[in-house]
Asker: 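One structure, pasted below without further comment.
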Protein chains: 2
Amino acid sequence: MTKTAAAKAKPRFARVDADLRRQMLIEAAIRCLAEGGIAAFTVDRISREANVSRGLINHHFDGISGLLIEVYEAMTQSMLAAGRETLFFEGGPEERLTAVIDTMFRAPMFSKSSLRAWLALWGEVATNPRLKASHRKSYDAYRRAIGDALSEIAKARKVKLDAEALAMTVIALIDGLWIEWCLDSSVVDRDSARAAVYAVLEARLGPLKR
Amino acid sequence: MTKTAAAKAKPRFARVDADLRRQMLIEAAIRCLAEGGIAAFTVDRISREANVSRGLINHHFDGISGLLIEVYEAMTQSMLAAGRETLFFEGGPEERLTAVIDTMFRAPMFSKSSLRAWLALWGEVATNPRLKASHRKSYDAYRRAIGDALSEIAKARKVKLDAEALAMTVIALIDGLWIEWCLDSSVVDRDSARAAVYAVLEARLGPLKR
DNA sequence: TTCCTTGTTATACATTCGTTCAACAAGGAA
DNA sequence: TTCCTTGTTGAACGAATGTATAACAAGGAA
């Protein structure tokens, strides 16, 4: 088997549609983020993780910082998408609310790799204005979805309630429980975290179907 | 004025006691963390921030990663110290509980710079085993302080309560509110965040002195 | 087959990173 | 004053960073 024969038999690389390749690179970047935090978000590691050459990142993205933006937007998209099937769920506000909450305590959201990646990104959001803008927009949608459901439930049950404030509380609680579990799994697990959220809600709204 | 005369008049640097210098470097590192996240945690930036030469960090610490450890421990120490005067506060469990909570919504804890630094560190805790161990220890103390107070209050009021679970909830909620405020101050402020914590507690325990 | 578009590689480059180390000098001790 | 300890500097080093660019080649179009 000569060198040229081998070269003919097996192409040195496979061409991939640009959009697909971008997606592959974004996914590889998220894996790096989950494994090594923001320190692992480098051209070398990401391109190696994606099994492509270093140069390809700059071909498909606006540099490494451009990739970071797109990674953040991809993650918020997939979070909202995970909730979307539940956000526009057929059924009353109670079903919608519990569906959204349960989504946050189930894979793919509730997983070490995903939450580690989020944790790494939050540290950058505080500093990076573009990430901050993206964060604000997606959290508004998130907060509104929960707030609307809470508002409807409270109205139906004739409970006086600041739905926006409680939505903020629920989201903060979920984020905080994610962190506790991510940094020290010995003090929380999936079920107790989920139960904590429902305990807070039921203390205000009364029993919820779940 | 000759060169030597000037040199005699103004020493090129001032010698500082080792412990004090270490503290100065740690504080400079925290300032960098708050300004630029973990990406700004470099020898160059920190030594410039502290107005010393690059070499000094390796003289006083076990490399840049050693400094990171000590920065984390210094921050947890100062958090616990901020609460300590309230942790061993004279008075009943109710006063102790409200004192600890209020500490978390008052400077120096509740400030953009402090919380940005925490956010940057959390992203590293998930990856770094030594940071993780340090985190676990300090949060145990934190959780126990709140849990004990909650337990005493519940007992006095004859309220059935899982104090440990509620302590976890309170801490997660505080962390989550910190994040929301840090990443988007338009949706929360100090007072509404603090109010959210008390609302959760009072829904279980009844009215609290505050 | 012969093109030609464009996804892909590989190298080179200037910076910046963390660490090491010899030399320096501040400031107290004698 | 004269030591001497040790906090401090500054340069040097290799490794790693992100970017730019020329050469390559895969795979469809003609």
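Side chains are part of it too, since the values below use all heavy atoms of this structure and drop only hydrogens, waters and symmetry mates. Per chain, numbering begins at 1; letters A, B, ... match sequence-line order.
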Asker: Rounded to whole Å, please give me the gap between CG in Leu56(B) and P in dT19(C).
Answerer: 14 Å
Asker: So that I can compare with my own list, what are the stems of DNA chain D, taken as at least three consecutive Watson-Crick or G-U pairs with distances under 3.5 Å?
Answerer: C:1-30 with D:1-30
Asker: So, is His59(B) close to the dT8(D) phosphate, meaning a side-chain N or O under 4.0 Å from OP1 or OP2?
Answerer: no
Asker: Looking only at side chains, do Asp189(A) and Ser192(A) share a donor and an acceptor under 3.5 Å apart?
Answerer: yes
Asker: Please lay out, stage by stage, how Thr76(A) and Tyr139(A) fare under the test side chain to side chain contact (heavy atoms under 4.5 Å, CB included).
Answerer: CA-CA 9 Å; Thr76(A) 60; Tyr139(A) 263 56; over 6 Å; no
Asker: Rounded to the nearest Å, what distance is computed from the CZ atom of residue Arg48(B) to the P atom of nucleotide dG10(D)?
Answerer: 14 Å
Asker: Whole-Å distance between dT15(C) C1' and Asp44(B) CG?
Answerer: 11 Å
Asker: Under 4.0 Å between a side-chain N/O of Arg45(A) and OP1 or OP2 of dA16(D), yes or no?
Answerer: no
Asker: Taking only heavy atoms on the protein side, list every residue of residues 60-71 of chain A lying under 4.0 Å from any atom of DNA chain D, sorted numerically.
Answerer: Gly63(A), Ile64(A)
Asker: Return the value, rounded to whole Å, for the distance between atom CZ of Arg12(A) and atom P of dT9(C).
Answerer: 9 Å
Asker: Do Met104(B) and Phe110(B) touch side chain to side chain, with heavy atoms closer than 4.5 Å?
Answerer: no
Asker: Taking atom types as modelled, is there a side-chain donor on Ser186(B) or Asp184(B) under 3.5 Å from an acceptor on the other?
Answerer: yes
Asker: Apply the test salt bridge (charged side-chain N to carboxylate O under 4.0 Å, His left out) to residues Glu35(B) and Arg45(B): give CA-CA distance (whole Å), side-chain angles for both, the deciding distance (0.1 Å), then the verdict.
Answerer: CA-CA 11 Å; Glu35(B) 273 182 41; Arg45(B) 284 201 58 161; 3.5 Å; yes
Asker: Under 6.0 Å from the six-membered ring centre of Tyr198(A) and within 45° of its axis: does the NZ or CZ of Arg210(A) meet both?
Answerer: yes
Asker: Considering residues, nucleotides and ligands other than Lys112(A), do more than 12 of their heavy atoms fall under 6.0 Å from its NZ?
Answerer: yes
Asker: For the residue pair Glu27(B) / Gln23(B), report whether a side-chain donor-acceptor contact shorter than 3.5 Å exists.
Answerer: yes
Asker: Side chain of Pro11(B) only, heavy atoms from C-beta on: which candidate in dT8(C), dG7(D), dG27(C) is closest?
Answerer: dG27(C)
Asker: Residues from residues 13-42 of chain B sitting under 4.0 Å of DNA chain D, heavy atoms only?
Answerer: Phe13(B), Ala14(B), Arg15(B), Val16(B), Arg21(B)
Asker: Between Asp140(A) and Arg143(A), is the closest basic N to carboxylate O distance under 4.0 Å?
Answerer: yes
Asker: Please verify the inter-ring angle class for Trp118(A) with Trp122(A); under 30° counts as parallel, over 60° as perpendicular, anything in between as tilted.
Answerer: tilted
Asker: More than 12 heavy atoms of other residues, nucleotides or ligands under 6.0 Å from CD of Glu164(B): yes or no?
Answerer: no
Asker: Answer yes or no: side-chain N or O of Arg54(A) and base N or O of dT9(C) forming a donor-acceptor pair under 3.5 Å.
Answerer: no
